[in-house]
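The structure appears below as structure tokens.
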Amino acid sequence: MTPPAPSQAAPLRHFLQLRDFSADEIRYVLARAALIKNKFKRYQPHHTLHDRTLALVFEKASTRTRVSFEAGMYQLGGSVIHLTTNDSQLGRSEPIEDTARVVSRMVDIVMIRTFEQTRIERFAAHSRVPVINGLTNEFHPCQILADIMTFIEYRGDIAGKTVAWIGDANNMSYTWLQAAELLGFTLHVSTPEGYRLDHERIGHPDPKVLREFDNPEQACQGAHLVTTDVWTSMGYEQENDIRRAAFKDWCVDAEMMAGAAADAIFMHCLPAHRGEEVTGDVIDGPQSVVWDEAENRLHVQKALMEFLLLGQQD
């Protein structure tokens, strides 16, 4: 006889990409994150996940993802188990479906940072507890939640605003596009030839949602947020030299920021390479909010885990 799945206050949901949530659910998580952050800053305990256990599964290395999820679960009163391909069966012969069946009987929620999106989808399909995407090749939804939270803190509602993405068509840019579709803002994307968004994957979004530019300076014109990422994502290191040559005109500098809105802010999901995708005077300058952006991973992920396990709270 198969034992029942562990009970939880909320129906089983996964967060594998941003569009797994409705716009209202995203807004709730963001508002809840602001409340949790306020309590954190006031040294007020918020132990809503007491006696819950989070499994962190890393098939890709991480600094910010590990620290933010691990610290966040402890701050919510729970505990954490950390797994990598070196200290588990993940890097050996066990099918990921079997790993999911076993791990999800022993913990309450799982975060996975891995390669192909299909890999995390296979795990989630056989998990009895919520699964969170901590990063895949295709999407990075927790980072975009943190970025939008940061924008709201500095400039208010992102609806109706313009976000300029400068650089590679990577997991960040595809997740920004989902965010624009859900939350009602416009995404400007500028990438070099050969590194552009795949329209077989995204279709042809409304121009009110997505505009693509050959010239990165034009993409920044009037933008309320300018954001970028490293030119070579994890797993593509063998392309470093080719990418540096292709992206050399896509370095976010003071001239690009000057063309943006007067109150524009700059974001980067980190780690950053000063002098490559962004100049030092931009990332370390007055328009940069990257350190608040990094911290907000902690708070928005606490709200996300709470929502997946407990549902919406009053």
Side-chain angles (χ1 to χ4, degrees), residues 30 64 140 143-180 183-197 205 207-233 243-297 300:
L30 293 169
R64 280 154 295 277
H140 199 357
Q143 182 64 57
I144 299 303
L145 284 179
D147 292 2
I148 295 171
M149 177 182 178
T150 309
F151 186 91
I152 292 169
E153 288 180 337
Y154 276 86
R155 298 290 182 261
D157 193 354
I158 199 168
K161 301 297 196 303
T162 298
V163 174
W165 174 265
I166 309 300
D168 193 16
N170 62 6
N171 51 11
M172 286 287 291
S173 57
Y174 283 106
T175 311
W176 269 117
L177 177 56
Q178 290 191 352
L183 299 178
F185 60 89
T186 301
L187 179 66
H188 288 184
V189 173
S190 181
T191 60
E193 181 69 35
Y195 298 91
R196 294 178 177 168
L197 294 169
K208 293 180 181 178
V209 173
L210 173 67
R211 295 185 63 196
E212 296 181 80
F213 296 82
D214 295 329
N215 186 324
E217 292 183 7
Q218 291 178 349
C220 291
Q221 289 294 315
H224 303 93
L225 166 62
V226 177
T227 183
T228 189
D229 192 5
V230 296
W231 292 339
T232 306
S233 297
R243 283 173 172 264
R244 284 195 187 101
F247 284 82
K248 62 183 177 61
D249 294 328
W250 274 261
C251 176
V252 178
D253 57 18
E255 187 175 353
M256 286 189 197
M257 293 302 298
D263 63 347
I265 56 179
F266 172 79
M267 291 188 194
H268 190 306
C269 61
L270 304 177
H273 300 143
R274 290 166 176 80
E276 289 190 14
E277 72 274 4
V278 61
T279 58
D281 60 332
V282 170
I283 194 170
D284 298 317
Q287 292 173 286
S288 175
V289 297
V290 298
W291 313 119
D292 289 319
E293 176 190 6
E295 179 189 338
N296 282 339
R297 284 285 299 277
V300 83

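Heads up: numbering here begins at 1 and tracks the sequence.
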* Looking at OG1 of T191 and CH2 of W165, how far apart are the two atoms once the value is rounded to the nearest 0.5 Å? -> 11.0 Å
* Asked: For the side chain of E277 and the backbone of H273, is there at least one donor-acceptor N/O pair under 3.5 Å apart?
  -> yes
* To do: Start with the C-alpha gap between R243 and Y195, add the side-chain angles, then the distance that decides, and say whether side chain to side chain contact (heavy atoms under 4.5 Å, CB included) holds.
  => CA-CA 9 Å; R243 283 173 172 264; Y195 298 91; 3.8 Å; yes
* Of the non-hydrogen atoms in A169 and Y174, which two are nearest, and what is the gap between them? -> O-CE1, 3.6 Å
* Quick one: CG on L187 to OG1 on T175, what's the gap to the nearest 0.5 Å? -> 11.0 Å
* Asked: Short question: side chain of H188, backbone of A164 - any donor-acceptor pair under 3.5 Å?
  -> no
* Structure fact -> On a heavy-atom basis, the closest approach of V282 and F266 is CG1-CG, 3.8 Å
* Between L183 and K161, is any pair of side-chain heavy atoms under 4.5 Å apart? -> no
* Closest contact, heavy atoms only, L30 versus L145 -> CD2-O, 3.4 Å
* Asked: Within a strict 4.5 Å, meaning less than it, do heavy atoms of the C251 and M256 side chains meet?
  -> no
* Donor on one side chain, acceptor on other, Q143 and N171, under 3.5 Å -> no
* Structure fact -> Tested for side-chain hydrogen bond (donor to acceptor under 3.5 Å, both in side chains) against R274, the lone hit among T279, D281, D284 is D284
* To do: Report yes if some heavy atom in the side chain of L177 is under 4.5 Å from a heavy atom in the side chain of L210; otherwise report no.
  => yes
* How close do V300 and A146 get, heavy atom to heavy atom, and via which atoms? -> CG1-N, 3.9 Å
* Drop me the distance from C269's SG to M172's CE, to the nearest 0.5 angstrom. => 4.0 Å
* Report the distance from atom OG of S190 to atom CD of E217, rounding to the nearest 0.5 Å. => 9.5 Å
* Is N170 reaching over with its side chain to a backbone N or O of S173, donor-acceptor style, under 3.5 angstrom? -> yes
* Separation of N296 CG from M149 CE (nearest 0.5 Å) -> 4.0 Å
* Are side-chain heavy atoms of V289 and F151 found at a separation under 4.5 Å? -> no
* Any idea which heavy atoms bring F247 and P192 closest together, and the distance? -> CE2-CD, 3.4 Å
* Structure fact -> Heavy atoms of I265 and Y154 approach each other most closely as CD1-CB, 4.2 Å
* Does the side chain of W176 reach to within under 4.5 Å of the side chain of D147, using non-hydrogen atoms? -> yes
* May I have the step-by-step check of side chain to side chain contact (heavy atoms under 4.5 Å, CB included) for V290 and I283, ending in yes or no? => CA-CA 7 Å; V290 298; I283 194 170; 4.1 Å; yes
* Asked: Is H268 close to V252 at the side-chain level, that is, under 4.5 Å between some pair of heavy atoms?
  -> no
* Find out whether T150 and W291 are in side-chain contact, i.e. whether some heavy atom of one side chain is under 4.5 Å from a heavy atom of the other. => no
Quiz: residues 220-228 side-chain donor-acceptor pairs under 3.5 angstrom, not counting sequence neighbours:
{"from": "H224", "atom 1": "ND1", "to": "T162", "atom 2": "N", "distance (Å)": "2.9"}
{"from": "T227", "atom 1": "OG1", "to": "M267", "atom 2": "O", "distance (Å)": "3.1"}
{"from": "T228", "atom 1": "OG1", "to": "I166", "atom 2": "O", "distance (Å)": "2.5"}

